[in-house]
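Everything below concerns the one structure shown next.
Numbers restart at 1 for each chain; the letters A, B, ... are given by sequence-line order, proteins then strands. In what follows, every heavy atom counts, from backbone to side chain, and hydrogens, waters and symmetry copies are set aside.
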There are 2 protein chains.
Amino acid sequence: MTLTTAEENYLKAIYHLSDGGTKSVSTNDVAAEMKTKPASVSDMLRKLGDKEVIEYRKYYGVNITEEGKKRALTTIRKHRLWEVFLVDKLQFAWDEVHEVAEELEHIQSPLLIQRLDSYLNFPKFDPHGDPIPDEYGDVRARPRLALNEMDIDQSGQIVAVKDSSAAFLKYLDKVGAYIGARIKILDKVEFDGSMEILVDQKKTLFMSKDVAANILAIQS
Amino acid sequence: MTLTTAEENYLKAIYHLSDGGTKSVSTNDVAAEMKTKPASVSDMLRKLGDKEVIEYRKYYGVNITEEGKKRALTTIRKHRLWEVFLVDKLQFAWDEVHEVAEELEHIQSPLLIQRLDSYLNFPKFDPHGDPIPDEYGDVRARPRLALNEMDIDQSGQIVAVKDSSAAFLKYLDKVGAYIGARIKILDKVEFDGSMEILVDQKKTLFMSKDVAANILAIQS
DNA sequence: AAATTAATTTAGATATAGCTAAAAATATAT
DNA sequence: ATATATTTTTAGCTATATCTAAATTAATTT
């Protein structure tokens with residue numbers, strides 16, 4: 001059973017909204033995520049239900065099935081591998097890759113993805129720090145915490161952002177923070193939660209608690 | 001004015017059938033090329049005419065416009081660059097790339113193509129030996145001749161095939177001929193036109209005139 | 001428990017891209 | 001010049017994916 005591009009996009013949205021299939025999702029939430037109307041969503045849910053990638057009970061929202069989860073993870077895997085390709089090989093900035101990857105993820109060729117994975121050296125994370133599911137849909141997430149949750153003198157590496165709006169990504173770029181940067185917490189101001197952070201052992205950065213809360217790191 | 005994937009495919013077919021825009025093309029020919037019905041083609045020609053990429057006079061076939069030529073060449077450029085990527089970087093065989101490139105060519109991102117071109121070192125020919133149009137649609141074809149048109153003792157390099165059916169490509173692979181192979185004509189049999197050819201200064205190949213006529217080379 | 005509000009579905013549109021069958025236009029043969 | 005054959009177009013239908021407006025169901029108040 002093949003899915004159209006539109007169906008794949010809906011399924012991916014449902015997978016994300018359901019936190020990886022752990023909770024059910026409402027028609028309205030899907031409509032908001034897909035930037036479309038609830039009426040269009042109802043139609044699509046019926047179709048996805050017929051194809052047995054979701055379980056659909058009218059008026060009571062949807063749950064993703066095991067088959068649906070597998071399909072969604074394949075699409076996510078393809079999206080993230082293409083993002084790695086664009087950044088590592090074609091010198092795209094990490095805030096420029098999303099739209100193109102959104103198109104590339106729908107190319108149908110298991111061989112292509114297998115070869116791409118190998119060509120990129122089997123990366124485990126995309127340029128935003130999100131984990132890349134393996135061929136079987138297994139994901140190894142690493143424990144991440146926001147910078148404002150780290151203590152003074154702790155060191156680590158930036159691996160992701162919570163807010164991936166273009167505005168925020170541009171700001172990070174400007175101040176010299178990036179995915180992969182090694183960081184150390186130099187100081188935390190009790191009063192407002194703002195922080196002083198050492199980046200790559202040379203640059204010192206001041207940031208508000210709001211900014212710090214949107215940057216995720218792994219400890220080292 | 002953007003074209004849909006289907007429109008891009010029709011335009012590409014019309015470009016090829018018209019020999020690069022030098023002659024007009026009939027509805028029936030387009031239908032045969034696109035493996036669809038003439039009725040469907042009529043509809044599409046009206047649409048492409050409205051978008052001014054072809055000039056369409058009912059019952060008298062179509063001519064591609066300058067704008068249409070530019071669009072078709074962009075699609076061809078993308079297709080061929082992706083083919084180079086698949087063969088050079090992802091170890092695809094040259095007879096496996098067509099279908100995937102047929103999908104990849106529709107990805108919309110001028111930046112992507114510019115970067116891909118640079119990443120591949122601005123290749124001038126695809127893995128089948130066909131020329132890759134530059135950003136402005138310029139194509140530099142090199143004079144090619146079929147092996148059966150070459151004389152004894154002439155040397156050259158295989159750059160393309162006329163018959164690119166899977167069967168023929170597989171046969172070439174099997175006997176050790178490939179795009180890029182250096183060749184030398186050792187002997188030609190008057191009686192049936194069959195030939196003896198030295199490949200890469202080591203392997204000797206016997207081939208019928210029919211096979212030789214389907215392999216194109218440049219002289220050196 | 002009835003009324004109101006919110007969420008969701010259905011009904012009836014539109015646009016794209018295809019199809020078949022019938023009609024119309026062009027080309028060819030007698 | 002007329003008849004026949006070929007080519008092409010039109011008309012009307014199907015499927016996907018969207019929409020708006022109306023109807024229905026579920027949830028919340030009073």
List for me each residue that meets salt bridge (charged side-chain N to carboxylate O under 4.0 Å, His left out) alongside [X], sequence neighbours excluded, and say none if there are none.
| X | answer |
| --- | --- |
| B:K170 | B:D95 |
| A:K12 | A:E102, A:E105 |
| B:E67 | B:K70, B:R71 |

* Could you list all the ring-ring contact (aromatic ring centres under 6.0 Å, His included) pairs where at least one residue sits in residues 88-107 of chain A, not counting sequence neighbours? => A:H79-A:H98
* Would you kindly give the CE-to-P distance between B:M1 and C:dT16, to the nearest whole Å? => 11 Å
* To do: For B:E7 and C:dA15, give me the distance from atom CD to atom P, rounded to whole Å.
  => 14 Å
Any pair with a residue in [range] that passes salt bridge (Lys or Arg N to Asp or Glu O under 4.0 Å), sequence neighbours left out, goes on the list, sorted by first then second residue, please.
| range | result |
| --- | --- |
| residues 23-42 of chain A | A:D19-A:K23 |
| residues 107-129 of chain B | B:R77-B:D117, B:R80-B:D126 |
| residues 128-138 of chain B | B:D130-B:R144 |

* Side-chain N,O (B:S40) to OP1/OP2 (C:dG18) below 4.0 Å -> no
* In residues 27-38 of chain A, which residues come under 4.0 Å of DNA chain C by heavy atom? -> A:T27, A:N28, A:P38
* Asked: Among residues 43-62 of chain B, which residues get a heavy atom nearer than 4.0 Å to DNA chain D?
  -> B:Y56, B:K58, B:Y59
* Selection residues 41-65 of chain B - residue pairs positive for side chain to side chain donor-acceptor pair (under 3.5 Å), sequence neighbours left out -> B:E7-B:K51
* Structure fact -> side-chain hydrogen bond (donor to acceptor under 3.5 Å, both in side chains) filter on B:D210, not counting sequence neighbours, yields none
* Under a criterion of less than 4.0 angstrom to any heavy atom of chain B, what are the 5'-terminal and 3'-terminal contacting nucleotides of DNA chain D? -> D:dT7 to D:dT10
* Looking only at non-hydrogen atoms, find the nearest pair between A:P38 and A:T27 and report the distance. => O-CG2, 3.7 Å
